[in-house]
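See below for the structure under consideration.
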Protein chains: 2
Amino acid sequence: MLYLVPVLAILGLVVMAFKAKWVMKQDAGDSKMSTIAKHIREGALAFLAAEYRILAIFVVIAGALLGFISSLVETTHWFIVVAFVIGAVFSALAGNIGMRIATAANVRTTQAARTSLTKALKVSFGGGTVMGLGVAGLAVFGLSSLFIILFFWFMGGEWVGREFAGAQRSPVELMTIILEALAGFSLGAESIALFARVGGGIYTKAADVGADLVGKIEAGIPEDDPRNPATIADNVGDNVGDVAGMGADLFGSYVATVLAAMVLGNYVIRDMGGDIVHEGFMGMGTILLPLVIAALGIVFSIIGTFFVNVRKEDAKEADVQRALNMGNWGSIVLTGIASYIIIDWMLPAEITMQFFRASGFEYETIGSINVFYAVLVGLFVGAAISYFTEFYTGLGKKPVLSIVQKSNTGAATNIIAGLGVGMMSTFAPVLLFAAAIWSAYEFAGFYGVSIAASAMMATTAMQLAIDAFGPIADNAGGIAEMSELPKEVRRRTDVLDSVGNTTAAIGKGFAIASAALTALALFAAYVTFTGINGINIFKADVLAALFVGGMVPVVFSALAMNSVGKAAMDMVNEVRRQFREIPGILEGTGQPEYGKCVEISTKAALREMLLPGALTIIAPILIGFGMGAEALGAYMAGVAVSGVLWAIFQNNAGGAWDNAKKSFEAGVMIDGVMTFKGSEAHKAAVTGDTVGDPFKDTSGPSMNILIKLTCLIGLVLAPILGKMSGTGHGNVPAPIENKANINNDLPENTVVLTSLSEN
Amino acid sequence: MLYLVPVLAILGLVVMAFKAKWVMKQDAGDSKMSTIAKHIREGALAFLAAEYRILAIFVVIAGALLGFISSLVETTHWFIVVAFVIGAVFSALAGNIGMRIATAANVRTTQAARTSLTKALKVSFGGGTVMGLGVAGLAVFGLSSLFIILFFWFMGGEWVGREFAGAQRSPVELMTIILEALAGFSLGAESIALFARVGGGIYTKAADVGADLVGKIEAGIPEDDPRNPATIADNVGDNVGDVAGMGADLFGSYVATVLAAMVLGNYVIRDMGGDIVHEGFMGMGTILLPLVIAALGIVFSIIGTFFVNVRKEDAKEADVQRALNMGNWGSIVLTGIASYIIIDWMLPAEITMQFFRASGFEYETIGSINVFYAVLVGLFVGAAISYFTEFYTGLGKKPVLSIVQKSNTGAATNIIAGLGVGMMSTFAPVLLFAAAIWSAYEFAGFYGVSIAASAMMATTAMQLAIDAFGPIADNAGGIAEMSELPKEVRRRTDVLDSVGNTTAAIGKGFAIASAALTALALFAAYVTFTGINGINIFKADVLAALFVGGMVPVVFSALAMNSVGKAAMDMVNEVRRQFREIPGILEGTGQPEYGKCVEISTKAALREMLLPGALTIIAPILIGFGMGAEALGAYMAGVAVSGVLWAIFQNNAGGAWDNAKKSFEAGVMIDGVMTFKGSEAHKAAVTGDTVGDPFKDTSGPSMNILIKLTCLIGLVLAPILGKMSGTGHGNVPAPIENKANINNDLPENTVVLTSLSEN
């Protein structure tokens with residue numbers, strides 16, 4: 001079973017390679033098209049190359065710091081540094097694969113759209129599939145193979161205690177050491193995600209806002225017009241932000257979720273007496289389960305891609321959406337069924353684990369079916385969050401229509417309405433998350449919460465395929481416009497693009513849900529790693545840390561938004577300069593310098609992401625060492641709660657403004673008058689959309705990374721902080737077999753005082 | 001000492017009456033002026049009357065509910081209902097006094113401005129002083145006289161135990177019962193604040209946005225133009241929102257802070273063995289201290305008003321600001337000095353109290369000087385928050401200038417910049433609050449936190465005087481405009497108005513700080529009342545409640561903003577109708593129907609505040625009874641953390657947009673070009689200001705009420721919840737004299753498990 005996981009991951013990578021070969025084989029169109037595509041591709045790869053240079057420096061510094069930290073605690077092995085580097089490289093590699101295929105699939109989609117919509121969907125979704133399988137395959141392969149190496153290295157490949165770092169260790173302790181080292185892989189992956197999401201987010205919006213401000217508003221030329229020097233940068237940005245950024249984000253969530261579930265699975269074994277070898281699976285059933293679910297998810301995602309098909313040539317948005325939904329639901333249902341079987345097979349029929357009740361820790365025994373219920377919770381959250389996101393941001397739905405109506409009285413009322421929709425949209429998702437935390441915990445403790453997250457993330461390959469399809473289709477439309485192809489082509493790519501916008505919004509909802517559940521799982525792993533007795537916000541310093549944690553996402557968002565503003569200004573000035581200095585540029589006779597704009601976006605994005613990046617990394621370290629383990633836990637909770645809120649608020653407000661603007665393309669009824677593009681109301685809606693751009697593409701999605709990275713840094717620091725406060729896992733209380741002894745109605749403080757007064 | 005408190009409060013009310021008489025004696029100007037003033041006054045009183053009708057219904061329902069709740073727990077006396085009604089009536093009375101004086105002082109300020117600025121300042125600040133003394137005097141008088149009644153009724157006026165409700169009770173228990181009943185007074189006051197702040201906030205912005213949208217933008221007539229039918233409603237709104245709303249808000253904070261400090265003072269006595277009668281002050285020094293500080297604050301506020309004086313006739317904004325600052329600082333410094341003396345006098349030299357440390361509750365002994373340090377923390381927070389607020393929203397400061405610069409590229413970049421400033425401005429205040437919580441706690445436990453809050457609130461009378469002066473000056477300018485008085489008059493009122501805008505922003509910062517500290521003090525009192533062992537967010541249900549709590553302020557803001565949108569639309573339609581149907585209205589020959597607009601605003605405000613009001617009240621009740629005391633505590637923390645963030649974000653973004661727009665009046669340099677009113681950049685800034693209006697005047701300030709009311713409802717429910725979970729104060733562990741026994745390095749969980757395994 002242990003080896004099946006990397007094998008299935010490799011299967012995913014092989015299928016990816018075949019799919020990629022098929023996409024590359026497609027016709028790339030005429031010379032004009034391929035020249036434009038080449039510009040986009042080169043711009044995208046230039047950004048990646050510049051990003052990798054900065055990342056290399058970061059990895060060296062952070063790796064050295066990590067090495068220093070690992071030397072402080074005997075149970076943190078130096079291998080964490082190796083795992084960190086591998087995690088960073090794998091995440092970067094996945095991003096690279098995604099960018100290469102996306103920038104090849106875009107022009108091939110355009111060319112395919114010259115013949116048929118069916119073909120165009122096949123190519124663009126094919127590109128998305130390559131991206132999805134690349135991310136999922138590399139994540140599972142990296143995590144599982146490192147785990148196998150460490151398992152043989154530290155434990156000799158069997159569940160027995162042995163001496164390690166100068167002391168005799170139980171297998172649970174050895175496994176804790178293995179998983180601590182493995183946390184490096186997750187940290188490496190999430191660090192790349194920080195740069196890809198934040199840097200990519202700044203890039204894409206600086207280019208977009210810059211292109212729009214001067215192009216659409218000042219010069220009055222349409223979007224994607226080849227006369228606009230920033231138009232290539234804009235198209236590069238779609239790839240940088242929506243493909244590489246999203247890919248790295250989900251790569252990070254995927255790895256962190258599985259890792260947290262493994263950590264908590266190990267503690268389940270501890271709670272059951274430290275040895276469940278008689279249950280089979282090398283005594284690691286609860287640890288392997290999340291890995292196996294992830295591996296099977298890859299297989300079901302591959303199967304799901306076969307469902308994505310449109311036969312009718314005159315297919316509308318709804319048909320394409322239905323095809324994608326078929327694929328998505330197919331893989332989710334298959335994952336659900338398979339989970340039932342493997343949980344029944346891999347887990348002990350009865351599982352004993354610690355629950356934190358009103359009177360303190362208690363041991364309770366649950367049936368393994370409860371873990372399956374937790375899986376259902378996770379799958380339900382994934383589906384429900386998509387539904388809520390679509391409701392709040394979808395075309396023709398009430399919230400977007402309300403923004404459209406308010407556009408008639410100007411930009412101010414449009415913006416107030418959009419902010420209101422964004423704020424309002426936090427209601428249902430937060431109740432959903434709260435219910436999910438509570439119910440998954442009631443089913444199977446924090447192990448249940450982490451398994452719920454793993455189950456939701458299992459079909460990441462399919463989610464990403466659907467998600468990456470959007471920017472590919474968007475690019476394809478841009479290329480059609482710039483190459484001045486027949487309207488028919490643009491009409492076909494517009495169908496795909498429109499569906500892509502919906503899937504992008506839904507994908508963002510999924511990414512938030514994954515970040516929220518991942519953070520919770522990491523939070524639970526953190527508390528268990530440090531060995532502290534929970535996080536009590538009635539302590540003044542802990543409460544203070546909760547406040548500070550709540551503030552960080554807000555300030556982070558401000559930094560990200562300001563960065564977009566500054567970077568966009570650079571772009572505006574450059575475009576203005578070109579309009580002024582290059583003769584005939586607006587008449588279409590002069591050649592714009594696309595490369596200059598790409599360079600400016602790249603530089604600005606990399607410069608501007610440093611401050612928010614530093615805030616993310618340094619703040620938890622300061623809190624942890626300055627205020628202790630419990631305060632850092634509260635800080636993590638503050639970041640998670642506030643971060644989830646601001647992520648939903650910003651993403652949905654941005655998505656709703658975007659579609660409010662789009663509503664005018666087909667015309668909308670306002671106060672009984674049909675209103676179209678070019679009206680005053682439409683202009684107001686364009687303003688709203690511009691405000692929403694950094695919300696939904698920069699600061700909003702960055703929240704995911706902030707939340708997860710904060711919790712991961714906490715997890716890596718946990719052993720040191722635990723040691724500092726004397727609660728490290730050396731001090732973890734031994735499991736107690738007879739749970740009757742522990743059931744006790746007296747409140748804990750009474751017990752403490754009783755025992756103390758006996759001193 | 002006990003009787004000195006209501007005596008000083010009455011002194012404040014007497015000074016208020018003299019001041020009011022003086023203001024009313026001033027010349028109210030010519031007939032045109034007094035007609036306009038009459039319109040405003042009648043509109044304001046009509047709103048109050050309508051509000052009171054709804055409030056009366058609310059008070060009856062809530063009172064009945066409260067009576068039912070009090071019947072559930074033997075230690076909650078039915079007198080809580082009486083206290084609730086008195087609290088509501090006193091708060092409403094204070095609001096009424098404020099509105100009456102403000103709507104009389106406005107026209108008298110206009111008239112005074114015809115002769116001199118000095119005189120105009122004297123009249124407008126005189127009106128503010130009446131408001132401030134009315135609020136502070138009624139609050140302290142109500143609280144202290146109810147306390148005296150209950151102290152004699154339940155305890156016979158001395159610190160001894162007796163039988164009560166069928167059981168022998170210690171004096172600490174009797175005092176707890178008294179303070180629980182007194183919580184009704186605070187709840188009543190805060191309920192009025194909910195309606196005044198939320199309803200008033202909706203009213204003022206519906207009128208303002210409605211008047212601007214049709215008047216300035218569609219009809220192109222200036223602000224405060226008598227041809228605009230909504231202009232009276234707009235001026236009424238300034239009084240309703242900024243005078244009555246702010247007054248009720250601070251009334252509520254003031255009472256809640258003192259009450260929470262009294263509750264925690266009682267627990268200090270418990271920690272010291274339950275009896276400190278030998279220390280004098282009837283054995284209630286720690287309980288009386290916050291009342292005495294509040295009473296002295298009134299006296300020092302009166303003294304401070306004498307410092308507010310401008311001699312030069314050609315005084316500029318800076319001179320007026322300096323005069324107000326003198327008054328403010330004078331009263332703060334005097335309060336600080338007096339606090340040192342009375343703390344030394346009233347408190348035991350050594351105070352033993354419980355601290356919550358890593359290893360659980362510990363008894364520690366501090367010097368009474370530590371309580372004075374906590375006072376300094378509170379005074380510092382009040383001063384620092386004003387400084388930060390002024391920095392982020394002040395004219396000519398970097399944040400506002402950055403918004404001005406961004407206005408040149410249109411409304412979208414202006415709005416992005418404003419949102420960024422608002423978000424960024426959460427950084428320093430949150431760090432300030434976090435540091436204040438931590439340091440005040442380290443000095444003197446949660447008693448220290450509540451005393452810090454009380455000290456900050458002590459000069460409420462002065463704060464309100466400065467704050468209410470703003471809308472009076474604003475109104476005075478409006479009346480000058482509408483009465484077509486000479487430009488010179490408007491110039492003088494503009495000086496006052498401009499200072500008033502700054503003090504309004506600062507006042508909002510002060511109100512947030514007061515709400516934050518009040519919430520903390522209430523939170524601490526809540527935990528102690530329920531007798532739970534802290535709030536551990538590592539429990540899944542508690543964490544879920546924290547998430548839900550974090551979401552509520554966001555949804556509340558959305559509801560409030562949507563309400564403004566809807567109410568403003570009603571107003572827009574009415575103004576359009578009048579422009580259409582009343583002949584000659586735009587030429588100045590037709591008479592607009594001001595009353596219709598006032599009526600529409602009133603109705604809309606009262607209708608729209610019901611949903612957010614219901615959310616505020618019902619959510620904590622559901623969480624408390626559905627999920628228990630600990631979850632409700634986490635919910636309260638979530639509301640407080642998220643609410644403070646959203647309050648700061650919305651207030652400062654709104655304030656910054658407002659002043660960015662104002663910057664154009666004197667002209668600003670953008671990209672090397674002087675830019676003025678009427679430019680494209682100015683239009684963009686007007687859009688930003690319109691977006692900011694509901695932020696800074698409706699949803700932002702409402703957060704204060706949401707935070708405090710949530711915590712107050714928690715406090716009122718605390719005894720029942722404590723009883724439900726078996727941790728009520730009957731179970732509070734007895735104080736232990738010898739603290740050496742308790743100092744213990746072992747982590748709590750180890751101790752618990754040791755004692756358990758001995759079972």
Side-chain angles (χ1 to χ4, degrees), chain A residues 213 356 360 409 411-412 415-417 420 423-424 426-427 430 433-434 437-438 441 527 533-541 543-544 546-548 550-551 554-555 557-558 561-562 565 637-638 641-642 645 649 687 690-691 694 726-727 733 741-742 747-753 755-757 759, chain B residues 213 356 360-361 409 411-412 415-417 420 423-424 426-427 430 433-434 437-438 441 527 533-541 543-544 546-548 550-551 554-555 557-558 561-562 565 637-638 641-642 645 649 687 690-691 694 725 727 733 741-742 744 747-749 751-753 755-756 759:
Chain A
L213 279 178
F356 206 162
T409 34
I415 284 162
I416 292 176
M423 292 176 186
M424 203 65 216
T426 60
F427 183 71
V430 168
F433 294 150
I437 300 167
W438 198 7
Y441 185 86
V527 174
N533 187 24
I535 292 163
N536 194 333
I537 52 173
F538 189 51
K539 295 177 184 164
D541 55 341
L543 186 60
L546 181 72
F547 261 91
V548 174
M551 171 266 288
V554 190
V555 170
S557 296
M561 284 187 45
N562 289 344
V641 170
S642 174
L645 281 167
F649 161 54
T687 304
T690 312
V691 172
T727 52
N741 272 351
I742 302 178
E748 202 171 21
N749 59 343
T750 318
V751 178
V752 174
L753 284 162
S755 78
L756 289 173
S757 51
N759 279 7
Chain B
L213 279 179
F356 205 163
F361 283 112
T409 35
I415 284 161
I416 292 175
M423 292 176 186
M424 203 66 213
T426 60
F427 183 71
V430 169
F433 293 150
I437 300 168
W438 199 6
Y441 185 86
V527 174
N533 187 23
I535 292 163
N536 194 332
I537 52 172
F538 189 51
K539 294 177 186 164
D541 56 341
L543 187 60
L546 182 72
F547 261 90
V548 175
M551 170 268 286
V554 190
V555 169
S557 297
M561 285 187 45
N562 289 345
V641 170
S642 175
L645 281 167
F649 160 55
T687 303
T690 311
V691 173
S725 61
T727 53
N741 273 350
I742 302 180
N744 189 304
E748 200 173 23
N749 58 344
V751 177
V752 175
L753 283 161
S755 79
L756 289 174
N759 277 7

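Just so we're on the same page: letters track the sequence lines, and every chain starts at 1.
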Minimal non-hydrogen separation, A:Ala434 against B:Ala544, with atom names: O-CB, 3.5 Å
Atom pair CE (A:Met424) and CE (B:Met551), whose distance is rounded to the nearest 0.5 Å: 9.0 Å
Worked check of side-chain contact (heavy atoms from CB on, under 4.5 Å) between B:Val430 and A:Val554: CA-CA 11 Å; B:Val430 169; A:Val554 190; over 6 Å; no
Short side-chain to backbone donor-acceptor contact, A:Asn536 and B:Asn536, under 3.5 Å: no
A:Ser642 versus chain B, the contacting section by heavy-atom distance below 4.5 Å: side chain
B:Thr687 versus A:Ala412, closest heavy-atom pair with distance: CG2-N, 3.6 Å
Minimum heavy-atom distance between B:Pro694 and A:Ile416, given as atom pair plus value: CG-CD1, 3.7 Å
Segment of B:Asn562 engaging chain A (4.5 angstrom heavy-atom cut-off): side chain
Minimum heavy-atom distance between B:Ala558 and A:Gly420, given as atom pair plus value: CB-O, 3.5 Å
Leading residue by heavy atom contact count with chain B [cutoff under 4.5 Å; candidates A:Phe538, A:Tyr441, A:Trp438]: A:Phe538
Partner chain B: residue of A:Thr690, A:Ile537, A:Ile415 with the largest heavy-atom pair count (under 4.5 Å): A:Ile537
Closest heavy-atom pair and its distance - B:Ala637, A:Leu546: CB-CD2, 4.3 Å
Most contacts with chain A, counted as non-hydrogen pairs under 4.5 angstrom, among B:Ala411, B:Gly565, B:Ala540: B:Ala540
Contact origin within A:Leu645 toward chain B - heavy atom pairs under 4.5 Å: side chain
Distance, nearest 0.5 Å, that separates CG of A:Asp541 from CZ of B:Phe356: 10.5 Å
